[in-house]
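In this text, all values refer to a predicted model and were calculated from it rather than measured experimentally. Quick note: residue numbers are just sequence positions, from 1.
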Amino acid sequence: MNKKIFTTLLACSIIGTVVFLAFTQNDERPRVKISEYQETPKPNDTNRVQGSQDVKVQQKSISFTQAEANTINNWMKKQGYMTFISTDGKVISSGNQGYLHYDKNVLLKMAKNGDSIAAYTLGEQFISEHNLENQKSNKEVTEVENALLEATARGLTTSIDQLIHIKTQNYINSWDRKQRKFDNSYIIDAYAYLNILKLRRGFDTDMREYSLNMTRKLNAAEYALAINRSEEIYASLSQQRAKLGLGPFENNNSSETQALLQRMFNAIDNGEIQ
């Protein structure tokens, strides 16, 4: 009697496993990787050697003259960063704490009036909520994207970072279970914004490019589409900039600024800026 019960239970278990695997195979979407969003360069928080005991390792340091720090920080502010560098190589956060209590509608209105901190906060707020389980309406996505595009037309590049992230999330959210495919137009737009980011900023683009490559690499035909899309978006941004009474984008830094920025980002990579 016991043997019969055991045999019956074993058969049920096997059947249940087969059904579960068949369901999973038919329904599961392809796994798409996306790196966590990072807008501002972050230095290493710690520099410890793992072992039986933690051994503190002396960190390298870097310093700037006041004039050099001013040059770097003017560039950072112009790009829309919320952090700045002190003369002793410390990261100083100017922050957007005063904007965190505003809701989306208030931030939208402020961003449209040219408030770059409001535009940055709006993008960060939207990205923090914009995930696979909490999809937004098309109207809401369009409103935020338009506000970030206007901020980009005014000269910010952090807004381009945010647009890349949003387009990448839109691509992931576009998975169609019936047709078993994504809407590739979103990822092509993401790469188009990456091209504009490289043109406008030239620095601090590696993380975003790595994130896109981890999500999905384009083939040659798709990359050609992304190049064409970049040109369309950039032309539209230039027209929008002209309507705002602003001159052409300034995509080139002086040799002095270029050298200082290279030095700063190298120091961040080497853990010399804390």
Side-chain angles (χ1 to χ4, degrees), residues 37-41 70-85 91-130 134-170 189-190 192-205 208 229-230 232-253 257:
Y37 174 76
Q38 294 184 7
E39 183 274 319
T40 304
N70 290 342
T71 298
I72 292 172
N73 291 333
N74 286 337
W75 181 88
M76 299 276 277
K77 182 178 181 180
K78 193 174 182 180
Q79 303 296 317
Y81 283 100
M82 292 292 112
T83 55
F84 301 97
I85 302 297
V91 174
I92 303 171
S93 177
S94 66
N96 58 339
Q97 290 81 1
Y99 289 73
L100 297 179
H101 65 283
Y102 292 127
D103 64 21
K104 185 201 72 173
N105 293 328
V106 174
L107 290 172
L108 270 172
K109 184 178 294 185
M110 295 172 72
K112 289 179 179 179
N113 289 330
D115 191 322
S116 61
I117 299 179
Y120 171 87
T121 307
L122 176 67
E124 292 292 288
Q125 183 186 92
F126 185 78
I127 287 170
S128 69
E129 301 170 350
H130 191 241
N134 187 19
Q135 298 185 34
K136 305 295 181 182
S137 67
N138 291 335
K139 180 177 181 294
E140 187 172 0
V141 173
T142 300
E143 285 178 340
V144 173
E145 287 182 359
N146 286 342
L148 293 177
L149 282 170
E150 182 163 335
T152 302
R154 291 182 183 276
L156 267 64
T157 60
T158 51
S159 51
I160 309 175
D161 255 320
Q162 293 168 333
L163 284 164
I164 294 171
H165 186 85
I166 291 172
K167 289 297 184 180
T168 306
Q169 287 286 10
N170 286 344
D189 271 0
Y193 283 120
L194 175 64
N195 293 332
I196 295 173
L197 182 65
K198 288 180 175 181
L199 174 65
R200 288 284 297 112
R201 192 157 76 199
F203 289 94
D204 194 29
T205 62
R208 186 57 54 225
R229 185 75 178 116
S230 300
E232 292 175 3
I233 295 172
Y234 193 79
S236 176
L237 289 170
S238 297
Q239 290 175 359
Q240 191 171 359
R241 188 171 172 82
K243 289 180 181 179
L244 293 170
L246 302 172
F249 284 113
E250 297 177 8
N251 295 326
N252 298 318
N253 300 308
T257 301

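For Asn73 (side chain) and Ile85 (main-chain N/O), a donor-acceptor pair under 3.5 Å exists by modelled atom type. Side-chain atoms of Gln162 come within 3.5 Å of backbone atoms of Tyr120 as a donor-acceptor pair (strictly under, hydrogens ignored). Counting only distance, with no hydrogens or angles, the side chain of Ser236 and the backbone of Glu232 share no donor-acceptor pair below 3.5 Å.
Proximity of Glu140 to Phe126: side-chain heavy atoms (C-beta onward) are separated by under 4.5 Å at one or more points. Here the side chains of Gln79 and Phe203 are not in contact, with every heavy-atom distance at 4.5 Å or above. The shortest distance between side-chain heavy atoms of Glu145 and Asp189 does not fall below 4.5 Å. Using a 4.5 Å heavy-atom threshold, the side chains of Asp161 and Arg201 count as touching. Between Phe249 and Leu237, the closest side-chain pair of non-hydrogen atoms falls below 4.5 Å.
Of all heavy-atom pairs between Ala119 and Ala151, the closest is CB-CB, 3.7 Å. Counting all heavy atoms, side chain and backbone alike, Ser230 lies closest to Ile196 at O-CD1, 3.8 Å. When all heavy atoms of Ala192 and Ile233 are compared, the closest pair comes out as CB-CD1, 4.2 Å. Nearest approach of Leu149 to Tyr193, heavy atoms of both residues: CD2-OH, 3.5 Å. Nearest heavy-atom pair, Ala190 versus Thr168, reported as atom, atom and distance to 0.1 Å: CB-OG1, 3.8 Å. Between Arg241 and Gly155, the closest heavy-atom pair is NH1-N, 3.8 Å.
Rounded to the nearest 0.5 Å, atoms CG (Leu246) and OG (Ser238) are 11.0 Å apart. How far CG of Asp103 is from CD of Gln125: 7.5 Å, rounded to the nearest 0.5 Å. Atom OG1 of Thr157 and atom CE of Met76 lie 10.0 Å apart (nearest 0.5 Å). Considering CG of Asn74 and NZ of Lys77, their distance stands at 8.0 Å, rounded to 0.5 Å. Expressed to the nearest 0.5 Å, how far CD of Glu143 lies from CG of Leu107 amounts to 12.5 Å. Rounded to the nearest 0.5 angstrom, Asn113 CG and Leu108 CG are separated by 11.0 Å.
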Side chain to side chain contact (heavy atoms under 4.5 Å, CB included) evaluation trace for Leu148 with Ile166: CA-CA 11 Å; Leu148 293 177; Ile166 291 172; 3.8 Å; yes
Working for side chain to side chain contact (heavy atoms under 4.5 Å, CB included), residues Met82 and Glu124: CA-CA 12 Å; Met82 292 292 112; Glu124 292 292 288; over 6 Å; no
Derivation and outcome, side chain to side chain contact (heavy atoms under 4.5 Å, CB included), residues Tyr102 and Thr121: CA-CA 9 Å; Tyr102 292 127; Thr121 307; over 6 Å; no
Steps toward side chain to side chain contact (heavy atoms under 4.5 Å, CB included) verdict (Thr83, Ile92): CA-CA 6 Å; Thr83 55; Ile92 303 171; over 6 Å; no
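Each of Thr152, Asn251, Asn195 was scored for a side-chain hydrogen bond (donor to acceptor under 3.5 Å, both in side chains) with Arg200, with one residue passing: Asn251.
Around the NZ atom of Lys104, the shell of radius 6.0 Å holds more than 12 heavy atoms that belong to other residues, nucleotides or ligands. Heavy atoms of other residues, nucleotides or ligands lying less than 6.0 angstrom from CG of Asn252 number 12 at most.
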